[in-house]
**Student:** 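Mind looking over this structure? Questions follow.
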Amino acid sequence: MKWMRKPKIILVPYPAQGHVTPILNLASAFLSHGFEPVMVTPEFIHRRFISNIDSKSDISCISIPDGLEMDKPSDFFAIEKAMENTMPTHLESLVQKLSEEGEVVACMVVDLLASWAIGVGHRCGVPVAGFWPAMLATYQLIAAIPDMVRTQLISDTGTPQHPGPLRFLPDQPLLSTEDLPWLIGTPASRKARFKFWLRALDRSRNLPWLLVNSFPADEFINHDKPQKRCSTRELYESTTYFPRLPFLWVLGPTWKDGLPSGYIERVSKQGTVVSWAPQHEVLQHKAVTCYLTHCGWNSTMEAIRCRKRLLCYPVAGDQFVNCAYITEKWKIGVRISGLGQKEMERGLRRVMDDKKMSDRLERLRERTMGEEASSVMMSSLATFVNDFKKQTDGMFPTDLPI
Ligand SMILES: O=c1ccn([C@@H]2O[C@H](COP(=O)(O)OP(=O)(O)O[C@H]3O[C@H](CO)[C@@H](O)[C@H](O)[C@H]3O)[C@@H](O)[C@H]2O)c(=O)[nH]1
């Protein structure tokens, strides 16, 4: 049988930038294996990110209704409601429509934070692979939840049962109990987020594949307790303290509103405040020496790829674990305890005075993203593609590249 069209792979990210970015990278890799990647997102995120995607790309981006009344969700739980209540039927209709049109959906790759889509794949008879957009160690932490409950490190609603730093995983260093990724917001919100993780674990338990956006990681290292959050006012003060230093500051619209009036005009000779910038391109520029980051995993990997020293200010979720690796294990950055003048000055001095940091960055980059690491990664991907091709024997053209 001669196939006129390429088999499709449907990719479903959790609807946030840090999840769309790595899934698009994966989609590009599927292109070279002869598939047509189709990323499916809710309407609100499609509107927000689609303009940043190369219009000439062969990756199709399709939006499905999210049922949100406002233009964007009010919080994490509004997104969860959209994912659980509205999106499954629309994705199912989409997959059925494709199949009625004679398209082959070879596989679905589902972000574990969008675990609602796993059931859709099963109902439509499409093989499903899980996708973890962050560091392997943070997946291991989430996967260890049942053991943590069993050994009473945490309650069955996710509340830490012991104060102070704890060893959550065998052979790995200490973490503060407050660093657990679901401990965000009020007690009720923490419990609801914990439930979200339990459901994701439950749905993904029997998946035959898990693709991880990471590299082989080392053990956890103990680190300081999480620091207080800061206001835009503190950030503002810290930038005024370094009138020598030119800066580019990416601030979301809500944060930008908190700046003192006239600030942007006053700093305009040495600083620019924008609501979005092509971060990876900016980091590649030789004028950039240091990157102040919240330690999102993609930002962390981009900084390593571009060999940029990091000033770390983790805020939520997996960012505390990422920060522990950056500052204690890899020693390619420094954690700051706040964003006021003194902390920034101390942090910048420490990060710039460390004469060995550049060498460590270079070595880490080579070890995790160099030729050998890339070849291991490509071979893992080829194994995955071959594996699901075998499972769906006969569905595919025989001349697809491996
Ligand atoms: O102005 C901007 C802002 C962001 N980005 C890109 O957007 C991505 C952001 O990803 P990440 O650094 O991971 O941050 P978040 O969007 O905050 O990511 C969420 O998802 C990540 C992966 O699960 C987690 O590690 C984070 O904690 C979580 O907040 C990166 O590729 C950036 O280059 C830009 O290009 N320009």
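Order of listing sets the numbers, starting from 1, for every ligand and every atom in it.
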**Student:** Residue-level breakdown please: for H294 versus ligand 1, do any non-hydrogen atoms fall below 4.0 Å on the side chain, on the backbone, on both, or on neither?
**Tutor:** side chain
**Student:** Establish, from distance only, whether the side-chain atoms of W132 and N213 form a donor-acceptor pair under 3.5 Å.
**Tutor:** no
**Student:** Can you figure out which of P13, A316, G18 has its heavy atom closest to atom 22 (C) of ligand 1?
**Tutor:** G18
**Student:** Could you work out, for atom 27 (O) of ligand 1, the closest of D318, V321, V315 by heavy-atom distance?
**Tutor:** D318
**Student:** Can you name the atoms of ligand 1, numbered from 1 with element, that are less than 4.0 Å from a heavy atom of S299?
**Tutor:** 11 (P), 12 (O)
**Student:** Please work out which of the three classes, parallel, tilted or perpendicular, describes the rings of F388 and W209, given edges at 30° and 60°.
**Tutor:** perpendicular
**Student:** Cut-off 3.5 Å, side chains only: do S299 and Y291 have a donor facing an acceptor?
**Tutor:** yes
**Student:** Looking at F76, W116, W182, which hits ring-ring contact (aromatic ring centres under 6.0 Å, His included) with F196?
**Tutor:** F76
**Student:** If you count the atoms of ligand 1 from 1 in the order shown, which ones are under 4.0 Å from a heavy atom of H19?
**Tutor:** 20 (O), 23 (O)
**Student:** Between T21 and Q17, does any side-chain donor sit less than 3.5 Å from a side-chain acceptor?
**Tutor:** yes
**Student:** If you have a sec, work out which protein heavy atom is nearest atom 7 (O) of ligand 1 and how many Å separate them, to one decimal?
**Tutor:** Q17 CG, 2.8 Å
**Student:** What are the atoms of ligand 1, with element, lying closer than 4.0 Å to any heavy atom of E302?
**Tutor:** 30 (C), 31 (O), 32 (C), 33 (O)
**Student:** Should W297 be counted as touching ligand 1, given the test is an N or O pair under 3.5 Å?
**Tutor:** yes
**Student:** For ligand 1 and A277, I'd like to know whether there is a polar contact (N/O to N/O, distance under 3.5 Å).
**Tutor:** yes
**Student:** Taking both backbone and side-chain atoms of N298, is any N or O found less than 3.5 Å from an N or O belonging to ligand 1?
**Tutor:** yes
**Student:** Below 4.0 angstrom from a heavy atom of T21, which ligand 1 atoms are there? Numbered from 1 as shown, please.
**Tutor:** 7 (O), 8 (C), 31 (O)
**Student:** Measure up the W297 and F215 rings against each other and bin them: parallel (under 30°), tilted (30 to 60°), perpendicular (over 60°).
**Tutor:** tilted
**Student:** P133 heavy atoms, cut-off 4.0 Å: which ligand 1 atoms fall inside?
**Tutor:** 22 (C), 23 (O)
**Student:** Check whether any side-chain heavy atom of I9 lies under 4.5 Å from a side-chain heavy atom of V38, and answer yes or no.
**Tutor:** no
**Student:** Is a side-chain donor-acceptor pair under 3.5 Å present for S63 with R47?
**Tutor:** no
**Student:** Would you please indicate if the ring centroids of F320 and Y313 are separated by under 6.0 Å?
**Tutor:** no
**Student:** Determine, considering heavy atoms only, which of M301, E281, H280, Q319 sits nearest to atom 28 (C) of ligand 1.
**Tutor:** Q319
**Student:** Taking distance alone, with N or O pairs closer than 3.5 Å, would you say V250 contacts ligand 1?
**Tutor:** no
